[in-house]
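Before anything else, here's the structure in question.
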2 protein chains.
Amino acid sequence: MSRAEFEPERRRSDSARAKGRLTFTRMDVIRAGTRLLDTEGVEKLSMRKLANTLGTGSSTLYWHVRDKDELLLLILDETLREVTVPAAGTWDVRLLETLVRCHEALLPRPALVDVLWRAAWELGPETLRVADALVGLVAESGLPDDEVGDSYMALITLLFGFVAGERTSPGNPRYSEARAEGETAGSVPPYPNLMRYAPGAGVQTMARQFRYAVERFITGIKLRVAEAEHERAAGAPRSS
Amino acid sequence: MSRAEFEPERRRSDSARAKGRLTFTRMDVIRAGTRLLDTEGVEKLSMRKLANTLGTGSSTLYWHVRDKDELLLLILDETLREVTVPAAGTWDVRLLETLVRCHEALLPRPALVDVLWRAAWELGPETLRVADALVGLVAESGLPDDEVGDSYMALITLLFGFVAGERTSPGNPRYSEARAEGETAGSVPPYPNLMRYAPGAGVQTMARQFRYAVERFITGIKLRVAEAEHERAAGAPRSS
DNA sequence: ACCTGAACACCGTTCAAGT
DNA sequence: ACCTGAACACCGTTCAAGT
């Protein structure tokens, strides 16, 4: 995998357009891809169908975009452009708020999570901007330096997971089925805990669950900070 | 999506085998699929290639298995069969240990996470057994009943995420690249926090990061339990 | 510089037909 | 009851050729 190209000006076809030729830009491809991703699902976003909505063959797209992965990465970067990081407030509320904004931005396009996971660190500037801000906010907690990366990883894992899992979560499909099954048949194991603690009557939105998860994790960080401070004061003295 | 069929006896071809015909069982298909998944990657596990290793055409597989999704679900269930839940100890260490065992079991086959996420609650008995145990352990924490499901979701999200992300994590590909980039070019934003808190010199294994994440979350749960108890004692309603 | 058509090498799934 | 071959309806990507 070589690097994706994120500079939008590099590939515009103004020159051709000026000459009167009908053509479209790299941004056109990105935008068309985004729209297709939003209206249909992931599985409907193929290079061929995308080319179709633009009125060309799929081979044309490969002039503007190296491959499908790069296209999705570009869509991801465009998606994260809208995420702003709050400037005021304590680190914990800013961190939570930023993550919630990321969650909101990504939720309509869960397919992007797969790319994100595959992409190691081949990310666009907007993605890196948000990532950098998140790492910074985690660092503000006062966590030992060598734990900042781990906590950041955990938080974005929660973020990605709660985006990717938007279909698994709500109380509808199987929780209730498992309960019914357990009550009726004696041959089937009952799974009492699943039955008992199934999501309550109210509608459980992913947003609520995500917020809850991040809140618990952040209090976990706070406790760890206090712990580490106590350790430093007692055991291994480090001059300040 | 109708239910997957998890009963192994239903589909064995002993009768045919008894008659001297050469044939294979549903379990053969599952095992061959597992082996193919382990030796090659996900992308190499196609129904056609799988059939090939068994010496047939792909259409044969559809007698034993409804579709590829069901096959992967069966492989998942087989994978989780090995996960045992420790019987002794406090809830927190048993919970952590169980999650670590799940992580170890799933790590060689990250592809299964995708199925898990798509499968809502159409899961096999082994998967449900482990899920039920995890929910039970979370409940033992003393968390308010209506928060058990949320905490469980958060924990399995961490589990899934740290399995799925096995490629993204280590310090190799881009962290260091981003640092180099930030140092050289003035035109490129530097991402100072990413550069500063990149995974340290030591090898960061997924296992370590996962353990760290779960530990922080569990202490978050403990703090929430104390909080909720205090609230109840004071007669106050729930906090946000 | 940008677009095109045809081709390559794949997929998952179905289905009539065989034994 | 179990297997087969052929076919359907797709994929992503490449590449020589056009303008």
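Here is the naming used below: chain letters follow the sequence lines, and residue numbers restart at 1 for every chain.
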Applying salt bridge (charged side-chain N to carboxylate O under 4.0 Å, His left out), name anything that partners A:Glu78, two or more places apart in sequence or on another chain.
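In terms of salt bridge (charged side-chain N to carboxylate O under 4.0 Å, His left out), with neighbours along the sequence ignored, A:Glu78 is linked to A:Arg81.
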Between C1' of C:dC2 and CE of A:Met27, the distance in whole Å
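To the nearest whole Å, that distance equals 19 Å.
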At a cut-off of 3.5 Å, list every protein nitrogen or oxygen paired with a nitrogen or oxygen from nucleotides 5-7 of chain D, distance to 0.1 Å.
residue, atom, partner, partner atom, Å
D:dG5, N7, B:Ser59, OG, 3.4
D:dG5, O6, B:Ser59, OG, 2.6

In whole Å, I'd like the distance from the CZ atom of B:Arg118 to the P atom of C:dG12.
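In whole Å, C:dG12 P and B:Arg118 CZ are 12 Å from each other.
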A:Glu40: what forms a salt bridge (charged side-chain N to carboxylate O under 4.0 Å, His left out) with it, not counting sequence neighbours?
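Per chain and number, A:Glu40 pairs via salt bridge (charged side-chain N to carboxylate O under 4.0 Å, His left out) with no residue.
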Choose from D:dT14, D:dC3, C:dC11 the nucleotide whose nearest atom is closest to any side-chain atom of B:Phe24.
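Closest of the options to the side chain of B:Phe24: D:dC3.
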Is there a side-chain contact between B:His64 and the phosphate of D:dC3, meaning an N or O under 4.0 Å from OP1 or OP2?
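Yes.
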Could you pull out all residues at least two apart from A:Arg129 that satisfy salt bridge (charged side-chain N to carboxylate O under 4.0 Å, His left out)?
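A:Arg129 satisfies salt bridge (charged side-chain N to carboxylate O under 4.0 Å, His left out) with A:Glu126 once adjacent residues are dropped.
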What integer distance in Å separates A:Asp67:CG from D:dT14:P?
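The answer, rounded to whole Å, is 8 Å.
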Between D:dC11 and C:dC8, how far apart are the two C1' atoms, rounded to whole Å?
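The answer is 12 Å between these two C1' atoms.
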Sugar-phosphate, base or nothing in reach of B:Lys49, heavy atoms under 4.0 Å:
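The answer is sugar-phosphate, as B:Lys49 gets under 4.0 Å only of primed atoms, P, OP1 or OP2.
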Spacing between B:Lys68 atom NZ and D:dC10 atom P, to the nearest angstrom
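The answer, rounded to whole Å, is 18 Å.
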Counterpart residues, ring pair (Phe, Tyr, Trp, His ring centres under 6.0 Å), relative to A:Phe210 (two or more places apart):
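Testing A:Phe210 for ring pair (Phe, Tyr, Trp, His ring centres under 6.0 Å), a comparison that skips the adjacent residues, returns A:His103, A:Phe162.
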Just to verify, what does A:Arg101 make a salt bridge (charged side-chain N to carboxylate O under 4.0 Å, His left out) with, not counting sequence neighbours?
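Checked A:Arg101 against salt bridge (charged side-chain N to carboxylate O under 4.0 Å, His left out); matches are A:Glu97.
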Given that both pair distances must be under 3.5 Å and the pair must be Watson-Crick or G-U, what runs of three or more consecutive pairs involve DNA chain D?
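Detected stem regions: C:4-8 with D:12-16, C:12-16 with D:4-8.
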Interatomic distance where CG belongs to B:Leu72 and P belongs to C:dG12 [whole Å]:
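Going from B:Leu72 (CG) to C:dG12 (P), I get 10 Å.
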Measure CD/A:Glu43 against C1'/D:dA9 and give the value in whole Å, please.
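Taking CD of A:Glu43 and C1' of D:dA9, I get 16 Å after rounding.
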Output the rounded distance in Å from OH (B:Tyr62) to C1' (C:dT13).
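About 5 Å, once rounded to whole Å.
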Go through the structure and list residues passing side-chain hydrogen bond (donor to acceptor under 3.5 Å, both in side chains) with B:Asp38, not counting sequence neighbours.
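B:Asp38: side-chain hydrogen bond (donor to acceptor under 3.5 Å, both in side chains) contacts with B:Arg109.
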Would you please confirm or rule out a distance under 4.0 Å between OP1 or OP2 of D:dC2 and any side-chain N or O of B:Trp63?
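Result: yes.
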Test ring pair (Phe, Tyr, Trp, His ring centres under 6.0 Å) applied to B:Phe217 - qualifying residues, sequence neighbours left out:
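For B:Phe217 there are no ring pair (Phe, Tyr, Trp, His ring centres under 6.0 Å) partners, ignoring immediate neighbours.
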Can you see which heavy atom on A:Val65 is nearest to which on A:Val29, and at what distance?
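That closest heavy-atom pairing would be CG2-CG1, 4.5 Å.
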Separation of atom CZ in A:Arg26 from atom P in C:dA1, rounded to whole Å
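Going from A:Arg26 (CZ) to C:dA1 (P), I get 16 Å.
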Strictly below 4.0 Å, N to O, side chains only: are B:Asp150 and A:Arg216 in salt-bridge contact?
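Answer for the salt bridge query: no.
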